[in-house]
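A short worksheet on the structure shown next.
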Number of protein chains: 4
Amino acid sequence: MHQEKDKPTGALKDLNSGSYMKGDETLKKDKPKYKQIIDAAVVVIAENGYHHSQVSKIAKQAGVADGTIYLYFKNKEDILISLFEEKMGQFVSAIKRGMEHEEDAAAQLEILIKSHFQMLADDRHLAIVTQLELRQSNKDIRLKINKVLKEYLLLVDEVLHNGAQSGVFQTDLDIRLARQMVFGTIDEVATTWVINDQKYDITNLAAGVHSLIVRGLSS
Amino acid sequence: MHQEKDKPTGALKDLNSGSYMKGDETLKKDKPKYKQIIDAAVVVIAENGYHHSQVSKIAKQAGVADGTIYLYFKNKEDILISLFEEKMGQFVSAIKRGMEHEEDAAAQLEILIKSHFQMLADDRHLAIVTQLELRQSNKDIRLKINKVLKEYLLLVDEVLHNGAQSGVFQTDLDIRLARQMVFGTIDEVATTWVINDQKYDITNLAAGVHSLIVRGLSS
Amino acid sequence: MHQEKDKPTGALKDLNSGSYMKGDETLKKDKPKYKQIIDAAVVVIAENGYHHSQVSKIAKQAGVADGTIYLYFKNKEDILISLFEEKMGQFVSAIKRGMEHEEDAAAQLEILIKSHFQMLADDRHLAIVTQLELRQSNKDIRLKINKVLKEYLLLVDEVLHNGAQSGVFQTDLDIRLARQMVFGTIDEVATTWVINDQKYDITNLAAGVHSLIVRGLSS
Amino acid sequence: MHQEKDKPTGALKDLNSGSYMKGDETLKKDKPKYKQIIDAAVVVIAENGYHHSQVSKIAKQAGVADGTIYLYFKNKEDILISLFEEKMGQFVSAIKRGMEHEEDAAAQLEILIKSHFQMLADDRHLAIVTQLELRQSNKDIRLKINKVLKEYLLLVDEVLHNGAQSGVFQTDLDIRLARQMVFGTIDEVATTWVINDQKYDITNLAAGVHSLIVRGLSS
DNA sequence: AATGAATGAGGCTTCATTCAT
DNA sequence: GATGAATGAAGCCTCATTCAT
């Protein structure tokens, strides 16, 4: 955990260098319209679906002209990737903050799961976008999204590594495989919840998911 | 376990009644060109990506005229759904066959995982299509695909139910959640493997995945 | 009037030589399937509209295979033209028969109008086809249809000529213009009736139409 | 006649509210490209025939990009309907203007016929389009065209009603039937003229047509 | 003569992006 | 910086006709 505490935001540090941004004068990202457009994109995509979310619709929702979008984003793809970066960045930061004062790997994992579910529950539009809509994007975008996702996965790896080293988890744990189980499970539970119109409280599932992951199916 | 043995293939029995098919004279599905076109679609989609797979490309790969496609499929969407039905049907059948003579739930689960990975490994085109390309289809298609997927999930449920009843798994197992873990994990492992260009042997991961699912992370 | 009586069917004499027919052995036209297909076309076009009347639909209604159509008709266009020829031929013959024993031009005109309306009233499918559907065909077909129509117009001309010579009508009548009034009026009344779903009895309008045509609007 | 004089253009007042047009800011209809495209459509349809008039051809003729068409019209159909509305509106307005200072119904009718023929003679492309090409459009379009046509027919009705009341025409005139005679005759004369490649001067026929309609065939 | 499976040309429309104002 | 009118490429599907059986 020391690692983690030593560089609490480190893992995210170059998340802001990915996409479109001209000079280093004033970052586009810090101008109000940048976030305004991203938030508009979340709403529009959640409400209309990925394939019916034209740039013009996002512009209208953001209250700007179509052309203005292109002053802040290279192209439509860039909106989506930036959206994911922006939101995922906050996501990872929040989870890290949550885990900051906990050293037990199992407990950290529970915080991670809870935070994950909580954040989805807090923004139903965003939940739809990340769990369903963004996945219909083409391979290129999904690859770039995966790059952003890597931050999150590294976080999971850290927890697993911790647990293995401290003996909380199996000492010879295949971290890569375990991470795929952890992420795969959380993601599947989240997606199922969104597909079912978020009609139950997903945060209530956190404990059960945590237990399954840690203890497995065995009796 | 008796259930399972009594109707080993039952759950799949009407998988072939889904989409496009006129009378009961000679099923379109049984004509050679039907499979020919589906196989062509798998190759074309795997090689060009979902969004660059024009009907004309599929027709050319299948060695038929564009219009011929429409003698066997209602529209482009129907090709995709039928593709998934056809392949998923074989998929589920194969897994069921594999599990037929095994009564232990944990062993059944291992067979399921192994079979799943084996089938993906056996057809690298199909693996790309199911793990990556088909997911960028629109909501309508995904809904219908989910319907087909349900057969598979029911199969998982049966195994889990078995295990819970026979005491191999936790007797108070939350089947729904457990199924989401099982499927989520398998799917994530498979997707990761495809994203990494299938460059390692996924079947080697089956044992590890099975172990993780059954025993969890605990030491 | 002698003219008229001398060659009672003359005007129709080459109506049967228009379109498709191979040798002079056995006329295609006399084989049962010829009329069978034409009648099928009338029904299909009336019920589905011109643009939704595919050859395959006509074939099915006629109880023959698609290919069989082409043993009796050169192409789809030929079905339509033949349909019009066949029906228009009967039409003109019937009107001629009706007028045969009447010498007064005004009375002849009344018979013509009455017969015209009566025949439309007798076959509601045919009425739809001739008044509405066939008019959406392309210019080529309409030109050929007009050629067939010419027989009918010649008949009108004869009556008008008669009337002018016998002093029943204006002696310096512009036959061409008068014929356009007669046909235009009859056609417009018929079309209006069909557009209104044939929901009143068009034959009741014959007297009024005749009176208007003969006496005009004047008080 | 007072009615007529009091609201001479009234019947047309909402002819411009028919199809595609968003707010009331700046009407699409008033922008130059709107008329530009409609005029292009008239020329293209007249020269190529309805079925060979692709949107791209119209765009090229109008000197705009294909996509620009869709900034002004909902779809291809909307071009045709708007075309008819626009031209028919001018048509009816012109006729009304012409009749404004004439109180005698017979004289009004003569003006109507003359104006009708004159306008067709003034634009040979438009004549082809309205008399021939537009009639092969599908039922939906024809229905909407008929709605626009109704303005014209109401105008005819007014004249006939006038005439009947003032004793110029038969006082017990069946207006509906009379209107069908008037319109049927004018339309047939116009169509015949167009089919014959407009090779004679149709305006010369106005007097004869008027005479026939008012006095009928009687000697 | 009759069949019907196979063919393949052809066009409307959407929407991300640009650029003159 | 902001605008929004204009652009133009790209693809699914229908259906008249053929021809091997």
Side-chain angles (χ1 to χ4, degrees), chain A residues 22 26 28 31-33 51-60 62-80, chain B residues 25-26 28 31-33 37 51-60 62-79, chain C residues 22 26 28 31-33 51-60 62-80, chain D residues 25-26 28 31-33 37 51-60 62-79:
Chain A
K22 265 184 189 159
T26 309
K28 302 270 182 195
K31 299 206 177 165
K33 279 187 184 163
H51 286 294
H52 293 97
S53 296
Q54 299 84 347
V55 170
S56 63
K57 228 179 233 168
I58 295 173
K60 179 174 273 184
V64 300
D66 294 15
T68 306
I69 299 267
Y70 291 85
L71 298 175
Y72 294 89
F73 300 91
K74 209 165 42 192
N75 50 35
K76 188 182 182 182
E77 190 168 302
D78 190 33
I79 305 177
L80 301 174
Chain B
E25 331 95 12
T26 309
K28 300 263 184 206
K31 298 198 180 167
K33 283 195 180 149
I37 292 167
H51 286 296
H52 294 97
S53 297
Q54 299 85 342
V55 171
S56 62
K57 230 178 232 168
I58 296 174
K60 179 172 278 183
V64 300
D66 292 16
T68 305
I69 300 267
Y70 293 87
L71 296 177
Y72 294 90
F73 301 91
K74 244 195 330 250
N75 48 37
K76 188 183 181 183
E77 192 168 300
D78 192 35
I79 305 177
Chain C
K22 265 181 191 161
T26 309
K28 299 270 182 197
K31 299 206 177 166
K33 281 189 182 160
H51 287 293
H52 294 98
S53 296
Q54 299 84 349
V55 171
S56 63
K57 226 178 234 168
I58 295 173
K60 178 174 274 184
V64 300
D66 294 15
T68 306
I69 298 267
Y70 292 85
L71 298 174
Y72 293 89
F73 299 90
K74 207 166 42 193
N75 50 33
K76 188 182 182 182
E77 190 168 302
D78 190 34
I79 304 176
L80 301 175
Chain D
E25 332 95 10
T26 309
K28 300 263 183 207
K31 298 198 178 167
K33 283 196 178 148
I37 292 168
H51 287 295
H52 293 97
S53 296
Q54 299 87 341
V55 170
S56 62
K57 230 178 233 168
I58 295 174
K60 178 172 277 183
V64 300
D66 292 16
T68 305
I69 300 267
Y70 292 86
L71 297 176
Y72 295 89
F73 301 91
K74 246 196 327 254
N75 48 37
K76 188 183 181 184
E77 191 169 298
D78 191 35
I79 305 177

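A note on names: the letters A, B, ... follow the listed sequences, proteins ahead of strands, and every chain is numbered from 1. Predicted, not measured: the structure shown is a model, and the values here were computed from it.
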Could you tell me if the side chain of B:I58 sits less than 4.5 Å from the side chain of B:V55, heavy atoms only? no
Between A:Q54 and B:G63, who's closer to the 5' end of DNA chain E by nearest nucleotide? B:G63
NZ of B:K57 versus P of F:dA10: gap in Å, rounded? 11 Å
Nearest whole angstrom, please: distance from the C1' of F:dC12 to the NE2 of B:H52. 16 Å
With no hydrogens and no angle check, is any side-chain donor or acceptor of C:K57 less than 3.5 Å from a backbone partner on C:H52? yes
Taking the side chain of B:K76 as heavy atoms from C-beta outward, which of F:dT3, F:dC12, F:dT7 is closest to it? F:dC12
State which of F:dC12, F:dA16, F:dT3 makes the closest approach to the side chain of C:V55.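 So the nucleotide nearest the side chain must be F:dA16.
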DNA chain E: 5'-most and 3'-most nucleotides touching chain B, 4.0 angstrom heavy-atom criterion: E:dA6 to E:dG8
Taking for each residue the nucleotide of DNA chain F bearing the nearest heavy atom, is the 5' side occupied by D:T68 or by C:N75? D:T68
Using ring pair (Phe, Tyr, Trp, His ring centres under 6.0 Å) as the criterion, list what pairs up with C:H51, not counting sequence neighbours.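 D:H51.
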If pairs are Watson-Crick or G-U with both distances under 3.5 Å, what is the dot-bracket string of DNA chain E, marking crossing pairs with [ ] and pairs to another strand with |? .||||||||||||||||||||
Across the strands shown, which category fits A:K33 at heavy-atom distances under 4.0 angstrom: base, sugar-phosphate, nothing? sugar-phosphate
What are the two closest non-hydrogen atoms of D:K76 and D:Y70, and how far apart are they?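 Distance-wise, the nearest heavy atoms are N-OH, 4.3 Å.
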